[in-house]
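All remarks here apply to the structure that follows.
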Amino acid sequence: MRIGVLGTGNMADALATHWVRAGHEVVIGGRDAHNAERLAARLGGGTKTAGLRDAAAFGQVVLAALPFGVGAAVAQELSTALEGKVLLDCSNPVGPGFRLLTEGGPSAAQQLAAAAPGAHVVKAFNLCHEDVWRMRPPVFDGRPLAVPVCGDDETALARVRELVRDVGGDPVAGGGLERAGLLEAAAALFIALWVGEGADAQAIAPPLAYAAGPSPR
C-alpha cells in the first residue's frame, strides 16, 4: 500500500514504523524538510520525503498526524490532492483541563471531512499514547489491543483495518464517521482518568459477558 504521512511528530513516527516494517511504501510530508528527512532516515526501508502536497498525492492512505486546529486547515489546502484518498485522522481535540475542544460542534474528523470533501475520512488510533503504538505488538495479558475504527466508506475502512493489523492491533467497527466524536470524547475522558486521577480507565467497563448485566441464575 502507498501511504502518505502528513506530519513528522511522535504519532507519525510510531505508526509509520510499523507500516514500513510491514512492507508498505511510505512518504513523509512535512513543512520542515529537515524534520521529514530525519524521520525518513529513522524509519528506513526506502522511506522517502516530500512536501505535504506531494505526500498527499502519493498515498492511497494519507495519515493526518497533525495537531487539532492544524489538520483541517492543511486538509483544505490539500483538498485537490486528497480527492478519492483515505484520510486517516488520529488527532485528539483535548485542551487544558482535559476539555473536549469540539464540544457542541463537529468532531475533529468531521472537520477534516468538511475541509476535504472528496476524501474518505476514517478515525482511528486516537485512544492511546504514542508509546503504546510503538510496542511490537501492543498486547496486554495476551490480548491484542482493540482499535475502534469509524468511517463511512467500506473500501477506506478495509484499508485502515489492514493498517491496524500491521500495528498488531485488533480492528473493531466503531460505526460511521458521525460516531468519531464519541471516540474523541472517550479519549478526553480516558486521558483525564489516566493523567488527572491516576485511575485505570480500563477498569470502568465490565467484561463483555457482563455488558448487559449478570446472567440470571
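Small disclaimer: the values here were computed from a predicted structure and weren't measured.
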Shared hydrophobic cluster, V70 / L6 (ILVMFWY, side-chain heavy atoms < 4.5 Å): yes
Under 3.5 Å: donor-acceptor pair, side chain of W19, backbone of L163: yes
Qualifying ring pair (Phe, Tyr, Trp, His ring centres under 6.0 Å) pairs with a residue from residues 153-179, counting only residues at least two apart or across chains: none
Donor-acceptor contact present, side-chain K85 to main-chain A57, <3.5 Å: yes
T47 side, atom OG1; L39 side, atom CG - distance, nearest 0.5 Å: 7.5 Å
Non-hydrogen side-chain atoms of I3 and V27 separated by less than 4.5 Å: no
A50 to A55 - nearest heavy-atom pair and separation: CB-N, 4.1 Å
Rounded distance [0.5 Å steps], CD in E178 versus CG in L182: 8.5 Å
Greater than 12 external heavy atoms within 6.0 Å of Y210's OH: no
Pair D13-R134, salt bridge (charged side-chain N to carboxylate O under 4.0 Å, His left out): steps then yes or no: CA-CA 8 Å; D13 187 348; R134 295 183 198 278; 3.6 Å; yes
Pairing residues for D166 by the salt bridge (Lys or Arg N to Asp or Glu O under 4.0 Å) criterion, not counting sequence neighbours: none
4.5 Å side-chain heavy-atom contact, K48 and E25: no
Nearest-0.5 Å distance that lies between atom CG in L52 and atom CD1 in I28: 11.0 Å
Verdict with supporting geometry, V149 and V164, side chain to side chain contact (heavy atoms under 4.5 Å, CB included): CA-CA 9 Å; V149 178; V164 169; 4.2 Å; yes
Residue pair P93 / L100, side-chain heavy-atom distance below 4.5 Å: yes
Name every donor-acceptor pair, under 3.5 Å, that has one atom in a side chain of residues 187-200 and the other anywhere in the protein, sequence neighbours excluded.
from: D200; atom 1: OD1; to: Q202; atom 2: N; distance (Å): 3.0

Pairs touching residues 53-68 that satisfy salt bridge (charged side-chain N to carboxylate O under 4.0 Å, His left out), sequence neighbours left out: none
Distance, nearest 0.5 Å, that separates CZ of R38 from NE2 of H34: 4.5 Å
hydrophobic_cluster_shared for L43 and M11, side chain cutoff 4.5 Å: yes
Within 6.0 angstrom of R179 CZ, more than 12 heavy atoms from elsewhere: no
Residue pair A12 / G7: nearest heavy atoms and the distance that separates them: CB-O, 3.4 Å
Common cluster, V132/L15, ILVMFWY with side-chain heavy-atom separation under 4.5 Å: yes
Side-chain heavy-atom pair V167, P137 within 4.5 angstrom cut-off: no
Over all atoms of both residues, closest heavy-atom pair of A36 and G30: CB-N, 4.4 Å
Minimal non-hydrogen separation, C150 against G176, with atom names: CB-O, 3.6 Å
4.5 Å side-chain heavy-atom contact, H24 and E162: yes
Atom CG of L208: over 12 foreign heavy atoms under 6.0 Å: no
In one Ile/Leu/Val/Met/Phe/Trp/Tyr side-chain cluster, 4.5 Å: V26, L66: no
Spacing of L82 atom CG and L87 atom CG [to the nearest 0.5 Å]: 5.5 Å
Same apolar cluster: V20 and F58, side chain cutoff 4.5 Å: no
Sequence-distant partners of R159, side chain to side chain contact (heavy atoms under 4.5 Å, CB included), two or more places apart: M1, Q60, V61, V86, T155
Minimal non-hydrogen separation, A40 against T49, with atom names: CB-CG2, 3.5 Å
For residues 110-130, which side-chain donor-acceptor pairs fall under 3.5 Å, sequence neighbours excluded?
from: Q110; atom 1: OE1; to: S107; atom 2: N; distance (Å): 3.0
from: Q110; atom 1: OE1; to: S107; atom 2: OG; distance (Å): 3.3
from: Q111; atom 1: NE2; to: P106; atom 2: O; distance (Å): 3.1
from: K123; atom 1: NZ; to: D89; atom 2: OD2; distance (Å): 2.8
from: K123; atom 1: NZ; to: S91; atom 2: O; distance (Å): 2.7
from: K123; atom 1: NZ; to: E184; atom 2: OE2; distance (Å): 2.8
from: N126; atom 1: ND2; to: N92; atom 2: OD1; distance (Å): 3.0
from: N126; atom 1: ND2; to: L183; atom 2: O; distance (Å): 3.3
from: H129; atom 1: ND1; to: D131; atom 2: N; distance (Å): 3.0
from: E130; atom 1: OE2; to: N10; atom 2: ND2; distance (Å): 3.1

